[in-house]
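All heavy atoms count here, side chains included; hydrogens, waters and symmetry mates do not. Counting from 1, the numbers follow the sequence of the chain as shown.
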Amino acid sequence: MTPETSGFVPVRDRIANHLREAIASGELKPGDALPSLSVISAEWEVAKATAEGALALLRDEGLVVPGGRGKPATVQAPKKRHNIYLSDGWTQQQKDLVLRPEAERRETGAIELTAGISIDDTDSSSIYTETSADAEQAQILGVEPGTPLVQRVYEMVHKSTGLRCSWSVSYIPRALIEGNPALLDQNNEPWPGGHQHQLYTVGIELARFTRTVFSAQPTPSERAAWGMNPGTPMLHVLSRSIDTQDRVVEYSEARYPADTTEITVTEELRPWTSEQLNAAGGA
């Protein structure tokens, strides 16, 4: 049995617990209206500020959707979670696509391989700008500060909701890709075969990716663009593209809401050889 919590529990928390239990039990279902501040205040004999604090707790937990203009708060419907595969073979699939015919390369994009979202269900935009490497960017890319970079911002939104489903920013030294002027023009996006095929056109073959994941609070504009609940952090995925000459030729940062994202990392292990097993047996 779970031991009971001892000590004083503020009325605000007791109200929140009561409503939380009603949601968990199904007494209050997704889309149902919560009691108004006036009703809660009268029932619990508290000030409206206390009732508002209880609802704020539930909003921060993502359990309720705020009301507005006389409309009550409602129970939040469960959000669909997308699984982002960081090393489950999809980067190799993209590399294999590089050498396939253009018609085949156009059929599958990175968002489909990583999150299973159909390109047909989204609207996409690509914005290219030129910038100069700051100290951090120069260190990552192994170039001098001030080196010209091409910054590429990619965004996809769901056609049905208008909410963002994918966002990333990429940096690549201009000198690496200026041999193919088409790579400097955002109007050529979406590029058949994606990032790896773009590099292939200037003679660059990728050998591996390294990725780092951390969390941070989103800005208000990010929260609105994704439709995120208050208090939900953003997952940042930093990726470095490393070529066969061991150069970091590009790095990017993708962002995903933590409450609707699962990240899967798969690591393949090589089997022991008979020679290794025989040597271990004699050790």
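Taking every heavy atom of both residues into account, L199 and L206 meet most closely at CD1-CD2, 3.7 Å. Across every non-hydrogen atom of S41 and A51, the tightest pair is OG-CB, 3.9 Å.
Counting only distance, with no hydrogens or angles, the side chain of T147 and the backbone of V143 share no donor-acceptor pair below 3.5 Å. The backbone N or O of E21 sits less than 3.5 Å from a side-chain atom of S25, completing a donor-acceptor pair. A donor-acceptor pair under 3.5 Å is formed between the side chain of T201 and the backbone N or O of Q198. D32 contributes no side-chain N or O that, together with a main-chain N or O of L28, makes up a donor-acceptor pair within less than 3.5 Å. A donor-acceptor pair under 3.5 Å is formed between the side chain of E222 and the backbone N or O of T219.
The pair R164-D123 does not meet the salt-bridge criterion, since no charged nitrogen lies less than 4.0 angstrom from a carboxylate oxygen. We find that E52 and K48 are not joined by a salt bridge, their nearest charged nitrogen and carboxylate oxygen being 4.0 Å or further apart. The residues K95 and E205 are annotated as salt-bridged, a charged nitrogen and a carboxylate oxygen being separated by less than 4.0 angstrom.
Residues S215 and H236 have side chains that never bring a donor and an acceptor to within less than 3.5 angstrom of each other. Side-chain contact check for S124 and T122: no donor-acceptor pair (N or O, by modelled atom type) lies under 3.5 Å. A side-chain donor from one of R20 and N17 sits under 3.5 Å from a side-chain acceptor of the other. Checked by atom type, the side-chain pair Y154/E189 shows a donor-acceptor distance below 3.5 Å.
Residues satisfying the side chain to side chain contact (heavy atoms under 4.5 Å, CB included) criterion with P190, sequence neighbours excluded, are absent altogether. Listed by chain and number, the residues in a ring pair (Phe, Tyr, Trp, His ring centres under 6.0 Å) with Y200 are H197 (sequence neighbours excluded). In this view, E102 and R106 satisfy the side chain to side chain donor-acceptor pair (under 3.5 Å) rule, not counting sequence neighbours.
Figure legend: cation-pi geometry between R211 and F209, with NZ or CZ positioned under 6.0 Å from the six-membered ring centre and within 45° of its axis.
Screening L57, V64, L58 for a side chain to side chain contact (heavy atoms under 4.5 Å, CB included) involving L19 leaves a single residue, L58.
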